Trainee: 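I have a structure here, written as structure tokens, and I will follow up with some questions on it.
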Amino acid sequence: MPELPEVETVRRGLEPVLVGQQIKHVQQRRADLRFPFPPDFVSRLKGRKVEALRRRAKYMLAELDDGAVLIMHLGMSGRFYIVAPNGQATAPDTRVYDSAHPEEIGEGKHDHVVFDLANGARVVYCDPRRFGLMTLSDRDSLEDHPLLAAMGVEPTGNALTPDYLNTAFRDKKTPIKAALLDQRIIAGLGNIYVCEALFYAGISPKRLAKSIPGKRSARLTEAIRTVIRRAIEAGGSSLRDYVQTDGELGYFQHEFAVYGREGEKCVAKGCSGMVKRIVQSGRSSFYCPKCQR
DNA sequence: AGGGGGACCTGTGCGC
DNA sequence: TGCGCACAGGTCCCCC
């Protein structure tokens with residue numbers, strides 16, 4: 001259930017397993033996820049070596065030794081499981097997997113893609129809802145790929161500045177909540193971290209985007225940067241534990257200030273407000289009406 | 001042209 | 001225990 005910090009956590013977990021390894025064998029266990037796999041998906045991956053594993057927004061990009069790029073997205077429910085070369089089982093769901101039988105990992109109902117690497121490691125992509133995707137592109141034309149071409153700035157990058165937001169939000173009559181979820185402006189923010197960033201910036205999710213410029217866009221820029229960086233750090237620390245214990249990648253516990261806390265007391269110092277849940281463009285927004293204006 | 005709402009899927013948790 | 005409903009961290013596409 002990944003937003004950008006989870007995707008980055010997954011990337012960091014997969015990087016040492018995948019990079020430098022040859023893909024010996026690939027099982028593609030159904031024809032499609034969110035949309036069909038490329039027709040020659042398995043044959044184009046087999047025998048390739050992974051040279052790098054990068055991330056753009058919520059996409060993971062595996063660069064292969066023939067110039068191809070494997071584009072992967074986790075959707076809402078995508079996970080990766082790893083079986084280490086020594087056979088150490090690393091699946092989280094004990095009802096489905098028995099760690100005494102790591103070879104069974106990849107046999108689950110929602111295990112759609114299985115990579116077997118030259119060093120004996122196995123990497124499994126599991127995605128119950130199948131909103132994720134895998135496809136292939138070329139390194140040279142990657143930026144023009146339809147999935148990536150229109151994407152906005154990274155939330156932790158230097159390109160995210162108050163000025164950038166001022167320009168992007170000028171004349172926008174949509175609520176700031178919706179504008180922040182627009183991947184063409186900032187790429188990689190999802191529902192949770194938009195709620196969290198707006199809380200730390202003290203901005204109501206209902207406020208119109210065009211009313212942000214000024215003090216608020218400075219606070220918002222800082223809040224986005226900080227909330228994402230902190231979540232990546234938290235993912236990084238939980239990742240260390242996970243990899244040693246069960247190896248599940250794609251999910252970590254995180255403390256949220258407002259998300260999922262409807263009816264609870266606002267955590268801001270000295271605020272007596274109560275977290276409220278409203279629905280905006282079909283999705284839940286959590287906020288404190290008292291300190292978010 | 002931009003933005004809201006539905007569509008795509010399965011699983012889970014809750015109230016009755 | 002079972003059923004039906006609401007809801008879930010994403011994104012695309014269509015229509016107004």
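Please read all numbers here as calculations on a predicted model, not as lab measurements.
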Trainee: Rounded to whole angstrom units, what separation is found between the CD atom of A/Glu262 and the P atom of C/dA6?
Mentor: 15 Å
Trainee: Give the rounded distance in Å between these two atoms: CZ of A/Arg79 and C1' of C/dG9.
Mentor: 10 Å
Trainee: Expressed as a whole number of angstroms, how long is the span from A/Phe35:CZ to C/dT11:C1'?
Mentor: 10 Å
Trainee: What's the closest nucleotide to the A/Met76 side chain, out of C/dG10, B/dG4, B/dC9?
Mentor: C/dG10
Trainee: Is the closest basic N to carboxylate O distance between A/Lys210 and A/Asp171 below 4.0 Å?
Mentor: no
Trainee: Is there a side-chain contact between A/Ser77 and the phosphate of C/dG9, meaning an N or O under 4.0 Å from OP1 or OP2?
Mentor: no
Trainee: Measuring from A/Phe80:CZ to A/Met72:CE, what's the distance to the nearest 0.5 Å?
Mentor: 5.0 Å
Trainee: Where each residue is assigned the nucleotide of DNA chain C containing its nearest heavy atom, which of A/Arg34 and A/Ser284 is assigned the position nearer the 5′ end?
Mentor: A/Ser284
Trainee: At under 4.0 Å, does any side-chain N or O of A/His73 touch on OP1 or OP2 of C/dG10?
Mentor: no
Trainee: Can you tell me the Watson-Crick or wobble partner of B/dC9, both distances under 3.5 angstrom?
Mentor: none
Trainee: Taking all atoms of both residues into account, what is the closest heavy-atom pair of A/Tyr125 and A/His73, and its distance?
Mentor: OH-O, 3.3 Å
Trainee: Among the candidates B/dC8, B/dG3, C/dG9, find the nucleotide nearest to the side-chain atoms of A/Phe131.
Mentor: B/dC8
Trainee: Is there a side-chain contact between A/Arg277 and the phosphate of C/dC7, meaning an N or O under 4.0 Å from OP1 or OP2?
Mentor: yes
Trainee: Assign each of A/Tyr259 and A/Pro146 to its nearest nucleotide of DNA chain C by heavy atoms, then name whichever residue's nucleotide is nearer the 5' end.
Mentor: A/Tyr259
Trainee: Do we see a donor-acceptor contact under 3.5 Å between the side chains of A/Arg277 and A/Ser284?
Mentor: yes
Trainee: Whole-Å distance between B/dG3 C1' and A/Lys210 NZ?
Mentor: 15 Å
Trainee: Which nucleotide wins on minimum distance to the side chain of A/Ile192, given the candidates C/dG10, B/dG4, C/dG9?
Mentor: C/dG9
Trainee: Which whole-number value in Å describes the distance from A/Arg129 CZ to B/dT12 C1'?
Mentor: 11 Å
Trainee: At under 4.0 Å, does any side-chain N or O of A/Lys109 touch on OP1 or OP2 of B/dT10?
Mentor: no
Trainee: Side-chain N or O of A/Gln183 less than 4.0 angstrom from OP1 or OP2 on C/dG10?
Mentor: no
Trainee: Is A/His110 near enough to B/dG11 that one of its side-chain N or O atoms lies under 4.0 angstrom from OP1 or OP2?
Mentor: yes
Trainee: Using whole Å, what does the distance between atom P of nucleotide B/dG2 and atom CD1 of A/Ile185 come to?
Mentor: 11 Å
Trainee: Examine A/Arg230 relative to A/Tyr200 and say whether NZ or CZ is less than 6.0 Å from the centre of the six-membered ring and inside a 45° cone about the ring axis.
Mentor: yes
Trainee: Considering every strand and a 4.0 Å limit on heavy-atom distances, what is the contact class for A/Gly282: base, sugar-phosphate, or nothing?
Mentor: nothing
Trainee: Can you find a pair of side-chain heavy atoms, one from A/Leu70 and one from A/Val50, that are under 4.5 Å apart?
Mentor: no
Trainee: What's A/Leu181 touching, base or sugar-phosphate or nothing? Going by heavy atoms closer than 4.0 Å.
Mentor: nothing
Trainee: If you compare every side-chain N and O of A/Arg130 against the phosphate oxygens of B/dT10 (OP1, OP2), does one of them come in below 4.0 Å?
Mentor: yes
Trainee: Report the distance from atom CZ of A/Phe286 to atom P of C/dC7, rounded to the nearest whole Å.
Mentor: 10 Å
Trainee: When the distance from CG of A/Leu189 to P of C/dT11 is rounded to whole Å, what number comes out?
Mentor: 10 Å
Trainee: In whole angstrom, give me the gap between the P atoms of C/dC3 and B/dC9.
Mentor: 24 Å
Trainee: If pairing requires Watson-Crick or G-U wobble contacts with both distances under 3.5 Å, which nucleotide is the partner of C/dG9?
Mentor: none
Trainee: side-chain contact (heavy atoms from CB on, under 4.5 Å) between A/Asp65 and A/Gln22: does it pass, once the steps are laid out?
Mentor: CA-CA 9 Å; A/Asp65 61 356; A/Gln22 187 193 34; over 6 Å; no
Trainee: Answer yes or no: does a side-chain N or O of A/Lys58 lie under 4.0 Å from OP1 or OP2 of C/dT11?
Mentor: yes
Trainee: Does OP1 or OP2 of C/dG10 have a side-chain N or O of A/Arg283 closer than 4.0 Å?
Mentor: yes
Trainee: Please measure how far the C1' atom in B/dG3 lies from the corresponding atom in C/dG9, and state the result in whole Å.
Mentor: 22 Å
